[in-house]
Amino acid sequence: MMESSNRLIKDGIPEVLPVIPTMDIVVFPHMLVPLLVLDERIINGINKALEDTKTVLLLAAKTPENNQAIGTKDLYMVGTVATIMRMIKIPEGGIKILIQGLSKAHATELIASEDGLTAKIEPIIEDAASNKTAITAQINSIKELAEEVSRSSQTFSPDFHLILSKMSDPNKIVDFILSHLTLTVEQAQALLEKNNVLELLENIYVYLAKEMEVAELQENIRCRARESMNKAQKEFYLREQIRAIKSELGEDDAEEIDTMFTKLADLKVPDEVKEEIQRQINRLEKTASDSMEAAVLRNYLDCVFALPWNLETTDNLDINHAKEILDEDHYGLKDVKERILDFISIRNLKQDGHSPILCFAGPPGTGKTSLGQSIARSLGRTYARISLGGVKDEAEIRGHRRTYVGAMPGRFIQAIRKAGSSNPLIIIDELDKIGADFRGDPSAAMLEVLDPQQNKSFYDNYLGLPFDLSKAMFIATANTLDTISAPLLDRMEVIELSGYTTIEKLNIAKRHLIPKTIMESGLQDQTFEIRDEVINNIISNYTREAGVRQLERLLHKLCSKMARSLVEEHKLIAFTPENIEQYLGPRKFLDDQIDHLHQVGISNGLAWTMYGGEIIKIEAVLMPGTGKLILTGQLGDVMKESAQAAMSYARAHADEFNIDSSIFKNNDLHIHVPAGAIPKDGPSAGITMLTAILSSLTQRPINGDYAMTGELNLRGEIMPIGGVKEKILAAKRNKVEHVILPLKNKHDLIGLEDIAQDIDLIWVNHANEVLEQVLLQAKKATTRRRHG
Ligand SMILES: Nc1ncnc2c1ncn2[C@@H]1O[C@H](COP(=O)(O)OP(=O)(O)O)[C@@H](O)[C@H]1O
Ligand SMILES: [Mg+2]
C-alpha cells in the first residue's frame, strides 16, 4: 500500500519510489528499454507501482568486482525516474517490463524492506540554458558530425541523423544521442550525473567523434580491400599514361606498324593473303600496345612475316652429284641408294608431277633420318624435320586457333618457317608412332597435308591463311608399317632398310661415326686411332642392336673420355679390348642370349620386331592335369592359334614319337614365352613351339646350338615368314651356330650373300626335318658346350 504521505513532486512523481537496479545499462530520460526482473522483492515493488503511479526509479549498479553479489551500497545514487509501459509475466518465473525514462532524480535515501527496495528522491532540475549561442553552435556541430557518422558508421542507422536533424531541444538531443552511444556503465553514469547541458553536449561531441574514428578505420580497411581489386585497372591507366608520354616523346608504336606495312608491301603473296595480313596489322594498331591481345597479334604477325612465302631454292638435278653425296654420307645401303637415285631421276623428269612420298622403314639406327638429310643435301634443298612420335592432337598438324592462349602454328608451318624456303625437304619422322585420341585423328590431317590436290592451299588454323605446301618434298620414316593407316601407306613408296652385319657396323664406325665424333669432341687435331678390335669388342659386348645408334653413343663416350684425359692429364688414351671396361663400364652382354644348353622343353626361336631381329626362347612344361593347353607371356591371337596348331600336330603324330596318348588326358601343357612385357604375335614361331611341345612330351632335350623360325601348318609343312635378313643377323649377334629357316624363304637372300657367311643356314620344308636334327636322344642328358 502506498502511503498517503507519499507526496508528489514535480510532474506528478511521488517522493518515494520502488527502485529497480539495472545492470550493464544506464537508462537515460526518453529512453525506451525492456528489462528483465527476476528478484521477488523487486517484482513486489513493481507490482505496487503498477497499482499506483506506474513510476519507478532506475538506479544503475556499479560493475561488481570479482562477480560479487550486489548490495544497495553498490547502486549509484543518481538515476532516472521511469514509467512502466507494459509488463509480461514469464512462465518460468520473473517478469519482463518495458519502461521509458522520464527525468533524472537523486536518491537521498534507500530503504530495503520485505516489500522491496524503495528510495526517497529529489528531482534534479535541469539547469536552464545559460549560454544559448554556445549551445546552438555545439548542437550544429553535433548534427553535422552525426550526419557523417550515420553515413559511414554501420552502428548508426541513417534514421539516426534524420531524427536528430528535426530535434531542437538540447536536453532531448543529449538524451537521444546518449541512448545511441556504446558506453560503459561508468561512462554513461558520469554523463547522467552531469547537469550542465553545454558540458554534456561537449562530451557527446567527443564520443561521437570517437565513433566517427572507428567508422573511418573500418572504412579504411574496406577501402584497402577494394583498392587491391582495382590494382589491375590502376595499372591499365598508368600504362595508358606511359603510352601517352611515349607518344609525346615520339617513341610511338607507329614505327613498328610502319615497318610492318613496308614488309607487307614487299611480300609477294596472293591478294587475299595480303588483305588478311593488312587487317591484322590494323587491329594491332588499334589495340593497346601492351595488352594480351597485342602480344598475340604481334606474335602472329612475326610468324607471318618470318614465313618464306616466295623464297625458293633451285634443285640440283645432277644425278652423279646426288650419288656422290649419298656415298659420302652413308656406308653400304647399295639397294637403298639405287632406289633413291631412281626416285630423284623420276622427279627430275616430271618436274611438276606429283611423285609419291618416300618412306624409309626399318629398325632404329639404320640411317633413315640421316638418309633424308643426305637427300636434301644432294638436291640442294633446305631441310626440316618433324617428329610425329606421340602426336595425338590434330591441332599439332593443323595448328591451334589463335583464340587459344599460347596458340602456335602446326608442325608443318613451323617446319617451313625453320627451313626458310617454301620448297624444303621435310622429313616426317616416326610416322608409325602417330596416335589418335579424342582430340581428333592426326593421320587424317596428315593425309590432307600429303595429298598434292589439297596441300596446294594448306590451311593452318593459326595462320588463318592458305599456304602452298605442294612445292615441299616429303620423306617419311617408320620402324614398322603395321601402324600406319592404309590410305596413308597408299601415298607412299616404301623403301625398307634392315639391320647391319657386324662387318658393316665396323665399317660404318670407322668411316663415318668415329670421324664425326672426333669432330664433335674437338679432337680433330690429335693423332690417335681406335683399333678395329676395340670397335668389334664394343659391337659384340656392349650393343645388341640392328642399327648403329648405341654404337655411335658409345664411341661418343670414348671420345669424351679422350678429351677429358687430354685436358686433365695432357695425354692420349690407347684404348684396347682389355682396358675398355674402364671407360665404358662393365660389358653388357657377357653371355650370349642363348646358353647353348641342351634342355628339355626349351627351344630357341627367332622373332622379328620393329627393333630388328631377336632371339626368343619358348618354354613348354608338362604337368599333371586334365588335358588343358595353357599359354602365357602376352601372346597375340595369331601366336595363340599357332600354339594350338602345333599342339594338334603333336597329338596327331604322337605314335611316331612313341608318346602314349593317355599323356594328353592326364596332363596339362603350359607354353610360356618369357620377356612377358613385350607383346608377341605372328605365326612364325609355329615350328619352335612344336619342338618345345614334343620335347616336353618325350623328355628328349633340344639341341641348344640351333635357332629356328617358320610357320607350321597342320600337315607339318614349314611355311615362309618375314624378316629373314633381320633374323639371321640376330642369330649371328647371339652366336648361334645353326639356323633353321623355311625353304620357301631362300630366295630372300639373293644378293645378300654377305649375310650367309659364317653361319650354318638350314633350309627346310617339313617339321620332320627339324625334329630329326634338333631333338636329341633322352639318354644324352644335359651337357654344356661353349662356343668361343
Ligand atoms: N650406313 C650408314 N653409314 C653411315 N652412318 C650411318 C649409317 N647408318 C646409320 N648411320 C648413322 O647412325 C646414326 C643413326 O642413324 P639415324 O638416321 O638416326 O637412324 P634412324 O633414323 O634409322 O633411326 C646417325 O648418326 C647416322 O648418320
Ligand atoms: Mg630416325
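Atoms within each ligand, like the ligands themselves, are counted from 1 in listed order. Keep in mind the model is a prediction, meaning the values are calculated, not measured.
In this structure, a donor-acceptor pair under 3.5 Å is absent between the side chains of Lys505 and Thr543. Side-chain atoms of Arg553 and Gln550 include a donor-acceptor pair closer than 3.5 Å. Counted by atom type alone, Thr502 and Asn536 present zero donor-acceptor pairs between their side chains at under 3.5 Å. A donor atom on one side chain and an acceptor atom on the other are found under 3.5 Å apart for Thr369 and Asp429.
Annotation: Thr369 places an N or O atom under 3.5 Å from an N or O atom of ligand 1; distance criterion only.
Looking only at heavy atoms of the protein, atom 13 (C) of ligand 1 is closest to Glu552 OE1, 3.2 Å. The closest protein non-hydrogen atom to atom 3 (N) of ligand 1 is Tyr331 N, 2.9 Å. Of the protein's non-hydrogen atoms, Tyr500 OH, 2.9 Å is the one closest to atom 8 (N) of ligand 1. Closest to atom 22 (O) of ligand 1 among all protein heavy atoms lies Lys368 NZ, 2.6 Å.
Within the structure, ligand 1 lacks Gly332 among the residues with a heavy atom less than 4.0 angstrom away. For Asp329, the heavy-atom gap to ligand 1 drops under 4.0 angstrom.
Those atoms of ligand 1 that come under 4.0 Å of a heavy atom in Ser370, given as number and element, are 17 (O), 26 (C), 27 (O). Ligand-side atoms of ligand 1 in range of Pro364: 23 (O), range being under 4.0 angstrom from any heavy atom. Atoms of ligand 1 found under 4.0 Å from any heavy atom of Gly367, numbered from 1 in the order shown, are 8 (N), 9 (C), 15 (O), 16 (P), 17 (O), 19 (O), 20 (P), 22 (O). The atoms of ligand 1 that sit less than 4.0 Å from any heavy atom of Leu333 are 1 (N).
Counting heavy atoms closer than 4.0 Å to ligand 1, residue Glu504 contributes nothing at all. With a 4.0 Å heavy-atom cut-off, ligand 1 is reached by no atom of Phe360. At a 4.0 Å heavy-atom cut-off, ligand 1 touches Val548 through the side chain alone.
Which of His330, Lys516, Glu430 comes nearest to atom 2 (C) of ligand 1 through a heavy atom is settled by distance: it is His330. Between atom 5 (N) of ligand 1 and the options Leu371, Asn507, Ile508, the minimum heavy-atom separation is to Ile508. Comparing heavy-atom distances from atom 18 (O) of ligand 1 across Arg549, Lys505, Gln373 singles out Arg549 as nearest.
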>> Set out, in order, the CA-CA distance, both residues' side-chain angles and the distance that settles side chain to side chain donor-acceptor pair (under 3.5 Å) for Thr517 and His556, then state yes or no.
In response: CA-CA 6 Å; Thr517 355; His556 221 282; 5.8 Å; no
>> Could you walk me through whether Asp705 and His738 satisfy the side chain to side chain donor-acceptor pair (under 3.5 Å) test, starting with their C-alpha distance in whole Å, then the side-chain angles of each, then the deciding distance to 0.1 Å, before giving a yes or no?
In response: CA-CA 6 Å; Asp705 299 327; His738 316 282; 5.4 Å; no
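Residues Leu741 and Thr709 are in side-chain contact: their nearest non-hydrogen atoms beyond the backbone lie under 4.5 Å apart. Side-chain contact between Ile434 and Ile484: absent, with no pair of heavy atoms (C-beta onward) separated by less than 4.5 Å.
Between Lys471 and Arg381, the shortest heavy-atom distance links the atoms O-NH1, 3.0 Å. Counting all heavy atoms, side chain and backbone alike, Leu326 lies closest to Ser374 at CD2-CB, 3.8 Å. In this structure, Ile344 and Ser378 approach most closely via the heavy-atom pair CD1-OG, 4.4 Å.
The Mg ion (ligand 2) has Thr369 among its coordinating residues (N/O/S atom, backbone or side chain, under 2.8 Å).
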